[in-house]
Number of protein chains: 2
Amino acid sequence: MAEDRLSLVFGALADPIRRAILIRLTEGEATVAELAAPFDVSQPAISKHLRVLEHAGLVSRSRRATARLSRLEAEPLREVTTWLARYQRFWDESHERLDELLAALQARQDDDARHGHG
Amino acid sequence: MAEDRLSLVFGALADPIRRAILIRLTEGEATVAELAAPFDVSQPAISKHLRVLEHAGLVSRSRRATARLSRLEAEPLREVTTWLARYQRFWDESHERLDELLAALQARQDDDARHGHG
DNA sequence: CCGTTCCAAAACCAGATGGTTATAGAGTAG
DNA sequence: CTACTCTATAACCATCTGGTTTTGGAACGG
């Protein structure tokens with residue numbers, strides 16, 4: 001344990017069921033039973049996933065009668081996006097590299113064409 | 001196994017050492033020894049981390065003499081950012097909620113002040 | 001050819017993770 | 001109170017993960 005927040009958030013997002021839960025929660029609060037319905041896993045399994053999401057700060061919880069409502073908390077996702085922003089120039093650069101490559105290939109084809117036909 | 005790409009990428013990012021390796025690679029290609037230097041772990045541990053990063057598509061590898069060079073591949077990070085973009089409106093909304101809360105508190109304080117002072 | 005350098009693979013281990021079933025608890029309805 | 005509903009907890013299990021040490025292999029330098 002003693003894990004940093006970023007690791008907790010990335011770890012929470014590394015599971016397809018947990019990501020699907022987050023997507024469902026963008027439509028509004030939901031009970032455990034509602035969140036469990038789409039998946040072929042037991043209720044305790046969903047409860048565990050919710051605990052992971054809550055621990056990462058991605059979900060907050062409240063009660064309504066006997067049910068527990070989960071609510072999306074998107075703030076950690078903003079932090080993650082901020083962390084990712086530093087790499088933006090690198091995928092921009094890889095696009096530039098790709099553009100260069102395509103330009104080079106095009107130039108070579110043009111060159112081949114000239115030598116071949118002329 | 002049989003894991004989807006997004007899970008692989010998030011999983012790869014869920015480890016502080018791997019994130020630090022990615023940050024180091026933004027400065028340019030590096031050997032395994034160079035990547036291992038800042039950390040108090042063995043060389044095979046770093047090799048394993050690199051395999052995880054490579055498997056997630058975040059790193060590509062080449063040779064130079066006996067050394068293996070790792071290079072940052074940021075494309076998967078763009079995909080992750082795209083996935084995260086859908087939540088942007090939710091952290092925007094939570095800011096709105098916070099603003100509303102602060103406004104409500106302010107209004108109540110003003111109200112209390114009026115009643116309290118006359 | 002031979003040693004050295006740099007790294008990967010193998011074998012192993014402790015602890016985390018994701019799942020299960022069975023049980024307990026909190027709240028509501030009657 | 002009782003019974004019922006919804007969910008959490010407990011106990012257990014298999015597998016994954018991140019680490020280790022040891023061994024093996026590929027490519028240069030002499």
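Here is the naming used below: chain letters follow the sequence lines, and residue numbers restart at 1 for every chain. The figures here come from the full heavy-atom set of this structure, side chains too, leaving out hydrogens, waters and symmetry mates.
Proximity of B:Val52 to B:Arg18: side-chain heavy atoms (C-beta onward) are separated by under 4.5 Å at one or more points.
Rounding to whole angstrom units, NZ of residue B:Lys48 and P of D:dC16 are separated by 13 Å. We find that CD of A:Glu34 is positioned 10 Å from P of D:dC6, with the value rounded to whole Å.
Contact check, A:Arg63 against C:dA26: no side-chain N or O comes under 4.0 Å of OP1 or OP2. Neither OP1 nor OP2 of C:dT17 sits under 4.0 Å from any side-chain N or O of A:His49. Side-chain N/O atoms of B:Ser42 include one lying less than 4.0 angstrom from OP1 or OP2 on D:dT20. Remark: A:Thr66 is not in phosphate contact with D:dT7, judged by side-chain N or O atoms under 4.0 Å from OP1 or OP2.
Residue B:Ala45 is classed as a base contact, given a heavy-atom separation below 4.0 Å to a base. Among the heavy atoms of the strands, none lies under 4.0 Å from B:Arg64. Nucleic acid contact class of B:Ile17 (heavy atoms, under 4.0 Å, all strands): sugar-phosphate only.
Between B:Arg19 and A:Asp4 a salt bridge is recorded (basic side-chain N to carboxylate O distance below 4.0 Å). Looking at A:Arg78 and A:Glu75, a side-chain N of the basic residue comes within less than 4.0 Å of a carboxylate O on the acidic one, giving a salt bridge.
Nearest to the side-chain atoms of A:Arg68 among the listed nucleotides C:dT5, D:dC12, D:dT7 stands D:dT7.
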